[in-house]
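Excluded from the calculations below are hydrogen atoms, water molecules and symmetry mates; all remaining heavy atoms, backbone and side chain alike, are included. Note that ligands are numbered from 1 as they come in the structure, with each ligand's atoms numbered from 1 the same way. Along the sequence shown, residues carry numbers from 1.
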Amino acid sequence: MRYVSTRGHTASTRTSSEPTFTEILLGGLAPDGGLYLPESYPQVSSRELEQWRGLSYADLAYAVLSRFIDDIPAADLQSLVARTYTAEVYGNGRVHAEAGDITPLRWLEQPDPARGEGGLAILELSNGPTLAFKDMAMQLLGNLFEYVLAKRGEEINILGATSGDTGSSAEYAMRGKKGVQVFMLSPHERMSAFQRAQMYSLHAANIHNIAVRGMFDDAQDIVKAVSNDHAFKARYRIGAVNSINWARVAAQVVYYFKGYFAATDGRGSDQQVAFAVPSGNFGNICAGHVARMMGLPIGRLVLATNENDVLDEFFHTGVYRPRATAETCATSSPSMDISKASNFERFVFDLVGRDPEVVRKLWAEVDQGRSFDLSGTPFFARLPEFGFVSGKSTHADRLATIRRTFEKYGLMIDTHTADGLKVGSELRTPAMPMVVLETALPAKFEDTIVEALGRKPERPASLQGIEDLPQRVEVMDVSVDAVKRFIEQQLR
Ligand SMILES: *Cc1c(COP(=O)(O)O)cnc(C)c1O
């Protein structure tokens with residue numbers, strides 16, 4: 001498997017050898033500032049699809065991931081996925097459903113082929129340790145990092161900033177992993193009590209929580225400043241696990257296959273399925289795009305945004321207009337509050353016929369904080385070929401959707417999943433099954449659930465009383481030097 005950068009960095013333009021999967025895993029951005037993608041998407045035939053249908057989650061993960069990974073021996077990769085995708089790890093969030101299934105599909109409206117009804121379902125992806133879908137990929141990343149670092153005799157110090165879900169997901173995935181230390185910055189007193197408790201009550205020698213007296217953007221700026229200090233970065237082997245990480249996208253491809261099989265059970269593999277995806281950084285839905293390019297019959301990819309609608313605007317108008325931080329509003333689906341979508345460049349690369357020259361020009365604008373406009377170009381005219389449609393959802397929509405779903409189906413959903421369900425329901429075609437991806441459990445967003453339903457969401461037993469546990473966090477001013485000094489001290 002050859003990997004290429006969206007901005008053109010390939011074998012012919014580089015002096016060292018081509019990047020392998022494990023190099024990309026640890027490396028992040030390509031040297032030219034682009035994102036890595038496979039040189040071509042591995043194709044899955046309909047015969048193979050039928051063979052994959054009955055596989056367990058771990059076996060399916062192996063089948064999919066081995067198409068992208070050729071520098072980890074088969075037996076090792078098999079054991080990595082088998083250790084990752086267990087009912088134990090992914091049974092944490094389960095309040096009702098029976099254990100065993102890693103990503104259960106829950107029908108809200110049963111399909112009725114005789115009447116031409118494809119049905120409406122939610123794919124549960126949030127039963128992992130931190131109750132958000134990010135655990136689906138991050139847990140694998142933890143095991144991959146440990147494995148690859150041990151092989152190479154290397155160590156890495158992960159530095160990141162979080163406003164909630166990513167940080168805790170990364171910490172739960174990396175805790176206790178050999179060769180890995182995590183330094184996670186969060187805005188002091190800006191996260192929910194539950195989110196704080198989730199991160200700060202995690203006592204592991206290799207996890208370091210830093211709360212900065214500022215906003216998320218201040219934390220993010222510190223991470224950027226430290227990463228731009230190349231001497232410091234090299235000396236302390238600073239790395240990242242952010243959403244552009246290709247291994248995260250690849251791991252997410254698996255559940256599109258699993259969800260597809262569950263939604264078409266008993267109906268053969270030519271049936272098309274639509275997926276609705278609550279989107280922020282375009283990582284989750286990018287995995288859906290990759291699955292579709294591999295040949296999975298995805299009829300529609302429905303992208304849902306909240307009030308921060310930079311992506312919805314693009315799919316309707318062809319204009320991609322990243323917002324300034326000040327223009328990004330804080331909503332009740334906070335994990336989708338983004339001003340630019342870091343994985344979007346991957347899709348645009350495909351949209352423009354994989355011409356890195358075009359991507360370079362477009363992102364020369366984006367990197368300067370400017371917008372680009374593809375309307376009226378042949379690229380935008382080709383958009384329907386890729387199956388994307390989009391819509392947006394507001395706070396009032398979320399409340400109404402949470403209420404309606406609870407009343408009609410007896411199911412409590414979180415605010416992000418509500419955005420997906422709202423937009424997915426609007427963009428349904430009757431005969432095609434619509435699968436909405438659940439990206440978090442309601443227990444994470446208690447306040448909005450109370451606002452919508454007048455009662456608190458149920459909490460999995462393992463997380464009851466988590467706010468009362470002792471917390472460990474280093475509180476600091478917004479200071480790059482203070483963070484650097486702290487890292488130095490810890491690594492001494
Ligand atoms: C991260 C996240 C999203 C957005 O996913 P992207 O891959 O960034 O598009 C949506 N919902 C929840 C709960 C999340 O944590």
Visitor: Could you check atom 5 (O) of ligand 1 against the protein and tell me its nearest heavy-atom contact, residue, atom and distance included?
Guide: F133 CZ, 3.6 Å
Visitor: Using a strict 4.0 Å threshold on nitrogen-to-oxygen distance, state whether K422 and E426 make a salt bridge.
Guide: yes
Visitor: Over 60° means perpendicular and under 30° means parallel, so classify the ring planes of Y255 and F133, tilted if in between.
Guide: perpendicular
Visitor: Please determine if D414 has a nitrogen or oxygen closer than 3.5 Å to a nitrogen or oxygen of ligand 1.
Guide: no
Visitor: Do NZ/NE/NH1/NH2 and the carboxylate oxygens of D135 and K444 come within less than 4.0 Å?
Guide: no
Visitor: Between H208 and F183, what is the ring plane arrangement, given parallel below 30°, perpendicular above 60°, and tilted in between?
Guide: parallel
Visitor: What atoms of ligand 1 come closer than 4.0 angstrom to any heavy atom of F282?
Guide: 6 (P), 8 (O), 9 (O)
Visitor: Would S243 count as a contact of ligand 1 if the rule is a heavy atom under 4.0 Å away?
Guide: no
Visitor: Are Y3 and Y36 near enough that their ring centres are under 6.0 Å apart?
Guide: no
Visitor: Numbering the atoms of ligand 1 from 1, which are under 4.0 Å from a heavy atom of P278?
Guide: 4 (C), 10 (C)
Visitor: Give me the nearest non-hydrogen protein atom to atom 7 (O) of ligand 1 as residue plus atom name, then the distance to 0.1 Å.
Guide: N284 N, 2.8 Å
Visitor: Suppose I only count heavy atoms of A440 and a 4.0 Å limit; which atoms of ligand 1 are within that range?
Guide: 13 (C)
Visitor: Return a yes/no value for G283: is any of its N or O atoms, backbone included, closer than 3.5 angstrom to an N or O of ligand 1?
Guide: yes
Visitor: Nearest protein heavy-atom contact for atom 1 (C) of ligand 1: which residue, which atom, what distance?
Guide: K134 NZ, 1.4 Å
Visitor: How close do S333 and R398 get, counting heavy atoms only, and between which atoms?
Guide: OG-NH1, 3.2 Å
Visitor: To which of A137, S333, G280 does the heavy atom nearest atom 9 (O) of ligand 1 belong?
Guide: G280
Visitor: Just to confirm my output: which protein heavy-atom neighbour is closest to atom 11 (N) of ligand 1, and how far is it?
Guide: T439 OG1, 2.9 Å
Visitor: For ligand 1, which is the ligand I care about here, please tell me if M336 has any N or O atom under 3.5 Å from one of the ligand's N or O atoms.
Guide: no
Visitor: Find out whether P334 and F445 are in side-chain contact, i.e. whether some heavy atom of one side chain is under 4.5 Å from a heavy atom of the other.
Guide: yes
Visitor: Less than 6.0 Å separating the ring centroids of Y57 and Y90?
Guide: no
Visitor: Any idea which protein heavy atom is nearest atom 8 (O) of ligand 1, and the distance to it?
Guide: N281 N, 2.7 Å
Visitor: Tell me which one of D309, D397, D419 satisfies salt bridge (charged side-chain N to carboxylate O under 4.0 Å, His left out) with K392.
Guide: D309
